[in-house]
Amino acid sequence: MTRRIMHIDLDAFFVSVEQVLNPELKGKPVVVGGRPDQRGVVAAASYEARAFGLHAGMPLATANRLCPQAIFIEGSFPKYRDASQRFMAILADFSPYLEPVSLDEAYLDATGFESIHGSIHQMAQAIKQRIESELGLCASVGIASSKVVAKVASEMSKPDGLLEVAAGQEVSFLAPLPIAKLPGIGKKTERILRSLGIHTIGDLSVAPLGALKSHFGASGEVLHRYANGIDEREVEPPRASKSISRETTFGKDTRDRSFLQATLRYLSERVGADLRQRGKQARCITLKLRYADFTTITRRYTLSRGSDTDQTIFDTGLKLLKTALSQQKQPVRLIGIGVSHLTEPGRQLDMLDASAQRREQLNRAIDRIRNKYGFTAIQTGRTLRFRDVFPHR
Ligand code: TTP
Ligand code: MG
């Protein structure tokens with residue numbers, strides 16, 4: 001299935017926020033960045049100011065010379081941060097696959113969500129409308145099958161734009177554009193490419209790969225792929241952290257093996273519940289121990305395939321624990337268990353492995369009960385003794 005990825009970027013962001021707070025600034029050449037007699041540079045320029053050649057990064061003095069009637073504002077970051085948070089919250093209502101890139105810019109994977117709104121075009125319009133009515137800001141949206149093409153599309157559509165590149169049209173859309181429009185091409189790369197006779201993205205798309213690699217190394221290949229509209233990068237929500245772990249420090253250092261095992265079981269169940277709530281499976285299990293003298297060790301085991309069951313986390317942790325305890329005789333001060341190398345579940349599930357499936361169903365049933373009645377509502381044999389130690393949620 002072709003992906004439908006949106007790139008959403010607010011128009012003249014800092015300036016637009018100022019205009020919302022002070023409508024007298026609307027429709028005028030406005031610059032955020034400082035007073036014209038200050039040293040700094042332009043952070044944002046209204047489109048009216050851009051008509052005079054003003055742009056981000058230009059020294060304020062130059063901006064003042066080109067457009068003396070412009071209104072110069074110092075700006076204040078907290079206002080922009082607040083607007084940014086509200087902007088992202090609106091986007092999150094449309095798809096959970098949201099990747100903020102900067103304060104005023106994000107990717108949204110809309111694949112499968114567009115039908116709710118009729119079409120992808122209508123979905124983009126609904127997004128623009130909410131941003132307009134709730135924030136008073138204007139967003140430009142690019143839609144394409146990949147991040148790179150979506151980003152170029154939103155940029156080309158500005159201001160107040162909405163541009164969809166149909167699947168299959170990526171190369172012909174990009175080809176006539178100057179190379180500087182391609183993300184990843186800065187001033188220096190542009191200069192080298194031009195010296196090689198490469199001026200448009202189309203030129204780049206047919207340039208010999210060997211020459212690009214010899215000038216730019218591995219990134220030469222990436223640019224070549226981008227120029228051909230090929231970009232497999234996923235939209236990655238930021239909160240998808242790469243590991244989950246739980247640890248506990250004992251009130252008193254201990255050598256009691258069954259106590260250590262029971263603690264490990266309890267921590268494994270907590271990690272497992274978290275993992276399943278996030279809808280992930282883990283390939284790597286890590287045990288952490290801190291001994292009485294504060295030496296800390298971690299021991300890791302990689303599973304042959306992803307798992308999200310308490311039993312697998314515990315069994316693996318227990319093996320690591322037994323080995324560690326046989327090598328070190330000191331009492332233990334802290335024990336922890338963690339999972340990493342998180343993957344999406346699904347395909348790996350072996351339909352023939354009935355016991356694995358049963359375990360999975362059991363874990364889900366336990367999670368449901370615990371969600372309803374609290375974590376300690378159900379205890380396995382090994383954690384029973386913790387019923388009173390770990391309080392109800
Ligand atoms: P951009 O999205 O690059 O610029 P913009 O929103 O002002 O204009 P448009 O997207 O319509 O082209 O950056 C977003 C904000 O980030 C911008 O309003 C101000 C800030 N910024 C800087 O502070 N310094 C800079 O050099 C740039 C490019 C942006
Ligand atoms: Mg912007």
Side-chain angles (χ1 to χ4, degrees), residues 5-22 25-36 38-64 66-67 70-91 98-108 124 127-132 134-144 147-163 177-178 180-190:
I5 292 174
M6 285 190 194
H7 181 261
I8 306 116
D9 189 300
L10 299 173
D11 296 339
F13 179 46
F14 287 8
V15 166
S16 304
V17 172
E18 298 294 343
Q19 288 171 328
V20 170
L21 297 169
N22 178 8
L25 297 173
K26 282 192 180 153
K28 295 181 181 162
V30 177
V31 166
V32 170
R35 306 268 154 205
Q38 287 176 324
R39 275 156 56 94
V41 295
V42 173
S46 68
Y47 278 76
E48 291 78 8
R50 289 184 209 190
F52 292 86
L54 274 55
H55 57 79
M58 174 183 274
L60 291 164
T62 313
N64 190 37
L66 290 174
C67 183
I71 301 161
F72 289 81
I73 300 170
E74 277 194 51
S76 75
F77 191 72
K79 292 185 220 167
Y80 313 138
R81 194 191 46 217
D82 289 351
S84 173
Q85 282 170 356
R86 294 170 64 198
F87 164 58
M88 296 299 173
I90 291 174
L91 297 183
L98 170 69
E99 180 182 338
V101 180
S102 69
L103 284 179
D104 81 327
E105 179 188 357
Y107 290 103
L108 194 76
I127 290 175
K128 282 167 64 75
Q129 257 155 26
R130 276 198 57 190
I131 293 169
E132 161 77 52
E134 293 175 32
L135 305 180
L137 299 175
C138 200
S140 292
V141 181
I143 306 165
K147 280 180 162 181
V148 70
V149 181
K151 183 168 166 85
V152 175
S154 78
E155 175 69 31
M156 294 305 296
S157 77
K158 275 180 176 292
D160 194 12
L162 169 45
L163 179 56
L177 304 176
K181 295 280 179 205
L182 195 68
I185 298 188
K187 284 266 174 286
K188 192 173 159 213
T189 306
E190 182 184 1

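The structure presented is a predicted model; accordingly, all values stated were derived computationally and were not measured. Remember, it's 1-based here, ligands and their atoms both numbered in the order they're listed.
A donor-acceptor contact shorter than 3.5 Å is absent between the side chain of Lys151 and the backbone of Leu182. Gln38 places a side-chain N or O within 3.5 Å of a backbone atom of Arg35 that can act as its donor or acceptor partner. Not one N or O on the side chain of Asp11 forms a donor-acceptor pair closer than 3.5 Å with the backbone of Pro159. At least one donor-acceptor pair closer than 3.5 Å links the side chain of Arg50 to the backbone N or O of Ala45. Of the possible polar contacts, none joining the Ser154 side chain to the Val141 backbone as a donor-acceptor pair under 3.5 Å is found. Side chain of Arg86 to backbone of Glu134: a donor-acceptor contact under 3.5 angstrom is found. Distance alone, capped at 3.5 Å, is enough to place a donor-acceptor pair between the Ser46 side chain and the Val30 backbone. At distances below 3.5 Å, not a single donor-acceptor pair connects side-chain atoms of Ser16 with backbone N or O atoms of Leu10. A donor-acceptor pair under 3.5 Å is formed between the side chain of Lys158 and the backbone N or O of Asp9.
Between Met58 and ligand 1 there is no heavy-atom distance shorter than 4.0 Å. Using a 4.0 Å cutoff on heavy atoms, Lys158 counts as a contact of ligand 1.
Considering backbone and side-chain atoms together, Ala56 places no N or O closer than 3.5 Å to any N or O of ligand 1. Considering both main-chain and side-chain atoms, Leu10 comes within under 3.5 Å of ligand 1 through a nitrogen or oxygen pair. Between Val42 and ligand 1, no pair of N/O atoms sits closer than 3.5 Å.
For the side chain to side chain donor-acceptor pair (under 3.5 Å) test, no residue two or more places apart in sequence or in another chain qualifies with Glu155.
The closest protein non-hydrogen atom to atom 1 (P) of ligand 1 is Asp104 OD2, 4.1 Å. Of the protein's non-hydrogen atoms, the one nearest atom 15 (C) of ligand 1 is Phe14 CE1, 3.9 Å. Shortest contact from atom 8 (O) of ligand 1 to any protein heavy atom: Arg50 NH2, 2.8 Å. At the shortest separation from atom 11 (O) of ligand 1 among protein heavy atoms lies Tyr47 OH, 2.7 Å. Protein heavy atom at the shortest distance from atom 29 (C) of ligand 1 is Ala43 O, 3.6 Å.
For atom 4 (O) of ligand 1, no protein non-hydrogen atom is found at a distance below 4.0 Å.
Annotation: the span from Ser84 atom OG to Phe77 atom CZ amounts to 8.0 Å, rounded to 0.5 Å. Ile73 CD1 to Glu18 CD: the interatomic distance, rounded to the nearest 0.5 Å, is 4.5 Å. Going from atom NZ of Lys28 over to atom CG of Asn22 covers 8.0 Å, rounded to the nearest 0.5 Å.
For ligand 1 and Ala44, the ligand atoms under 4.0 Å from any heavy atom of the residue are 7 (O), 17 (C), 18 (O), 19 (C). Ligand-side atoms of ligand 1 in range of Asp9: 2 (O), 10 (O), range being under 4.0 angstrom from any heavy atom. Atoms of ligand 1 lying under 4.0 Å from at least one heavy atom of Ala12, given by number and element, are 5 (P), 6 (O), 7 (O), 8 (O), 9 (P), 11 (O). Atoms of ligand 1 found under 4.0 Å from any heavy atom of Phe13, numbered from 1 in the order shown, are 5 (P), 6 (O), 7 (O), 18 (O).
If you look at the Mg ion (ligand 2), the protein N, O or S atoms less than 2.8 Å from it are Asp9 OD1, Leu10 O, Asp104 OD2.
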